[in-house]
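Reviewing the structure listed below.
The chains referred to below are lettered A, B, ... by the order of the sequence lines, with proteins before strands, and numbering in each begins at 1. Hydrogens, waters and symmetry mates are skipped; everything else that's a heavy atom, side chains included, is used. None of the values given here were measured: they were computed from a predicted structure.
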Amino acid sequence: MNYWLMKSEPNTYSINDLKQEQKTVWDGVRNYQARNYLRQMQEGDLAFFYHSNAKPPGIVGMMKVIKTLVNDPTQFESSSAYYDPNSTEENPRWQTVIVEFVSVFEEIISLETLKENLTGDDLLVVKKGSRLSVIPVKNEVAEKILKMTK
DNA sequence: GCCAACGTTGGC
DNA sequence: GCCAACGTTGGC
């Protein structure tokens with residue numbers, strides 16, 4: 001079982017949205033490095049839900065990967081902001097996963113707290129200028145993060 | 001709202 | 001293939 005961290009702007013989709021829906025297709029990722037990580041995910045993997053562009057930014061909960069190698073439906077929708085005219089049904093370019101709600105942390109683990117306890121090598125999100133929205137998290141780092149929760 | 005950091009695009 | 005220009009991300 002692997003750990004991941006996935007970013008979303010709460011204005012767009014928050015941990016509470018996921019709590020309400022219970023599961024969702026993690027759509028809209030249009031960065032190849034992030035997509036490659038999405039392709040590597042396995043059923044049962046756990047992911048930290050990170051609120052970016054939030055006050056404060058930080059990890060707000062957990063989710064579980066329940067289905068992998070799902071074609072992102074928005075790539076085919078011409079009305080979507082994530083529409084990719086170069087992607088075809090025969091040869092889709094963007095795969096993602098379906099995630100299930102696991103928990104909301106009692107208190108956010110703020111970026112500030114993460115920076116106090118981890119280095120940029122531990123967790124990419126701590127590194128200045130890191131924009132990757134899907135990030136692998138080493139097991140020992142995940143355990144450290146989990147200890148920061150109440 | 002600012003701006004640094006990063007990714008992508010496209011001319012050459 | 002290089003790289004300048006541009007667009008986006010995301011913390012502050």
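Between the side chains of A/Q95 and A/N71, a donor-acceptor pair is found at a separation under 3.5 Å.
Nearest to the side chain of A/E9, among B/dC6, C/dG10, B/dG7, sits C/dG10. Proximity note for A/N31 (side chain, C-beta onward) versus C/dG11, C/dT8, B/dT8: the nearest is B/dT8.
A/D72 has a carboxylate O that lies under 4.0 Å from a charged side-chain N of A/R30, or vice versa, which qualifies the two as a salt bridge.
Distance, A/R131 CZ to C/dG11 C1': 12 Å, rounded to whole Å. Atom OH of A/Y50 is separated from atom P of C/dT9 by 15 Å (rounded to the nearest Å). Going from atom NZ of A/K55 over to atom P of B/dG1 covers 11 Å, rounded to whole Å. In this structure, the CZ atom of A/R30 is 18 Å from the P atom of B/dG7, given to the nearest Å. Atom CD1 of A/I108 and atom C1' of C/dG11 are 13 Å apart (whole Å). In this structure, the NZ atom of A/K7 is 11 Å from the P atom of B/dG7, given to the nearest Å. The NZ-C1' distance, from A/K127 to B/dA4, rounds to 16 Å in whole Å. As a whole-Å value, the separation of A/N53 CG from C/dG10 C1' is 5 Å.
Heavy atoms of A/K115 sit under 4.0 angstrom from primed sugar atoms or phosphate atoms, though from no base atom.
Here the closest heavy-atom approach between residue A/R93 and residue A/Q75 is recorded as N-OE1, 3.2 Å.
Where A/K128 and A/Y32 meet DNA chain B, the nucleotide closest to each residue was compared, and A/K128 sits on the side nearer the 5' end.
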Show, in sequence, the C-alpha distance, side-chain angles and deciding distance for A/D122 and A/K138, and conclude whether the salt bridge (charged side-chain N to carboxylate O under 4.0 Å, His left out) test is met. CA-CA 8 Å; A/D122 290 332; A/K138 291 191 281 282; 5.4 Å; no
